[in-house]
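Step one of this worksheet: look at the structure below.
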Amino acid sequence: MAHLIRFLMQDHARINRALEAYANAPSNLSLALTACGEFEAHSAIEQDLVYPVLRDEVDADEAEAAEEEHAQVQEMIDQVSDMEPGDPELPIVMKNLTNAIANHVDYEERVLFPALQKVLGTRVWDIGREAFGYRQELQGQIDRPGNKSKPIANTGWTPSKVANAGW
């Protein structure tokens, strides 16, 4: 069973580990794209499963602000996706991306997740199961450099170059 808030917190940890792996090799476009892919999967889950609940049951303005932050991050991810290996702009864009994600994650964990927990009650388990299944689907769709494998059924694991980035 998957508890939505715990699932999202684990997702944040996955993103942070991917960003840390990139930070240890700041010219490695492949690691940057892996970190971007982790955020894109997380973003899709929040946009499709979490923010509608946030909008309808907590605060529509908070949902809109969170979606705007995702859009800003996505713009930076698009910049990274358009880069070639050795692009001198990569460390600059990734630094801005890392800061934007850190601020977004901090706000979600301090403000949004407690509000969602309060409103969802036991539905936190149902939506968590949906989120877990959705992530597994997305893992098979995200194109990561050098990763031609598919997720292992019902585990959420996908081999990657980021240590401890699995479930």
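Starting from 1, each residue takes its place in the sequence as its number.
- Considering only residues two or more places apart in sequence or on other chains, Ala63 meets the side-chain contact (heavy atoms from CB on, under 4.5 Å) condition with Leu54, Arg55.
- For the residue pair Tyr134/Gln139, the side-chain donor-acceptor check at 3.5 Å is not satisfied.
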For this session: Check step by step if side-chain contact (heavy atoms from CB on, under 4.5 Å) holds for Glu108 and Leu8.
Result: CA-CA 10 Å; Glu108 280 187 341; Leu8 294 171; over 6 Å; no
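- The closest side-chain heavy-atom distance from Leu33 to Ser81 is below 4.5 Å.
- Nearest approach of Pro91 to Tyr22, heavy atoms of both residues: CA-OH, 3.4 Å.
- Two rings, from Phe7 and His12, have their centers 6.0 Å or more apart.
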Problem set entry | Check against side-chain contact (heavy atoms from CB on, under 4.5 Å), Arg14 and Gln10 | CA-CA 6 Å; Arg14 287 172 64 100; Gln10 289 171 344; 5.7 Å; no
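- A distance of 8.0 Å separates CG of Asn28 from OG1 of Thr34, quoted to the nearest 0.5 Å.
- Across all their heavy atoms, Ala100 and Val73 have their closest contact at CB-CG2, 3.9 Å.
- The line from NZ of Lys95 to CG of Leu19 is 14.0 Å long, rounded to the nearest 0.5 Å.
- In this structure, CG on Asp106 lies 13.5 Å from CD1 on Ile101, to the nearest 0.5 angstrom.
- With hydrogens and angles ignored, the 3.5 Å screen pairs a side-chain donor or acceptor of Thr98 with a backbone N or O of Met94.
- The two residues Cys36 and Leu97 come nearest to each other via the heavy atoms SG-CD2, 3.8 Å.
- Between the NE2 atom in His104 and the CD atom in Glu68 there is a gap of 12.0 Å [rounded to 0.5 Å].
- No donor-acceptor contact under 3.5 angstrom links the side chains of Gln74 and His70, judged on distance only.
- Summarising the geometry of Val93 relative to Met76, their closest heavy-atom pair is CG1-O, 3.7 Å, with the distance given to 0.1 Å.
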For this session: Could you please spell out the steps behind the side-chain contact (heavy atoms from CB on, under 4.5 Å) verdict for Lys118 and Val58?
Result: CA-CA 9 Å; Lys118 186 176 180 181; Val58 178; over 6 Å; no
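- When all heavy atoms are compared, the tightest approach of Leu112 to Ala66 is CD1-CB, 4.3 Å.
- With rounding to the nearest 0.5 angstrom, the CD atom of Gln72 is 10.5 Å from the CG atom of Asn103.
- Nearest approach of Ala18 to Glu38, heavy atoms of both residues: CB-CG, 4.1 Å.
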For this session: Decide side-chain contact (heavy atoms from CB on, under 4.5 Å) for Leu138 and Ile45; before the verdict, give the C-alpha distance in whole Å, the side-chain angles of both, and the deciding distance to 0.1 Å.
Result: CA-CA 9 Å; Leu138 292 169; Ile45 291 164; 4.0 Å; yes
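- Inter-residue side-chain proximity for Glu64 and Glu69 is flagged as unmet; no heavy-atom pair is nearer than 4.5 Å.
- Note on Val111: it clusters hydrophobically with Val50, by side-chain heavy-atom contacts below 4.5 Å among ILVMFWY residues.
- A salt bridge does not link Arg123 with Asp126: every distance from a Lys NZ or Arg NE/NH1/NH2 to an Asp or Glu carboxylate oxygen is 4.0 Å or more.
- Atoms CH2 and CG, on Trp125 and Leu120 in that order, are 12.5 Å from each other to the nearest 0.5 Å.
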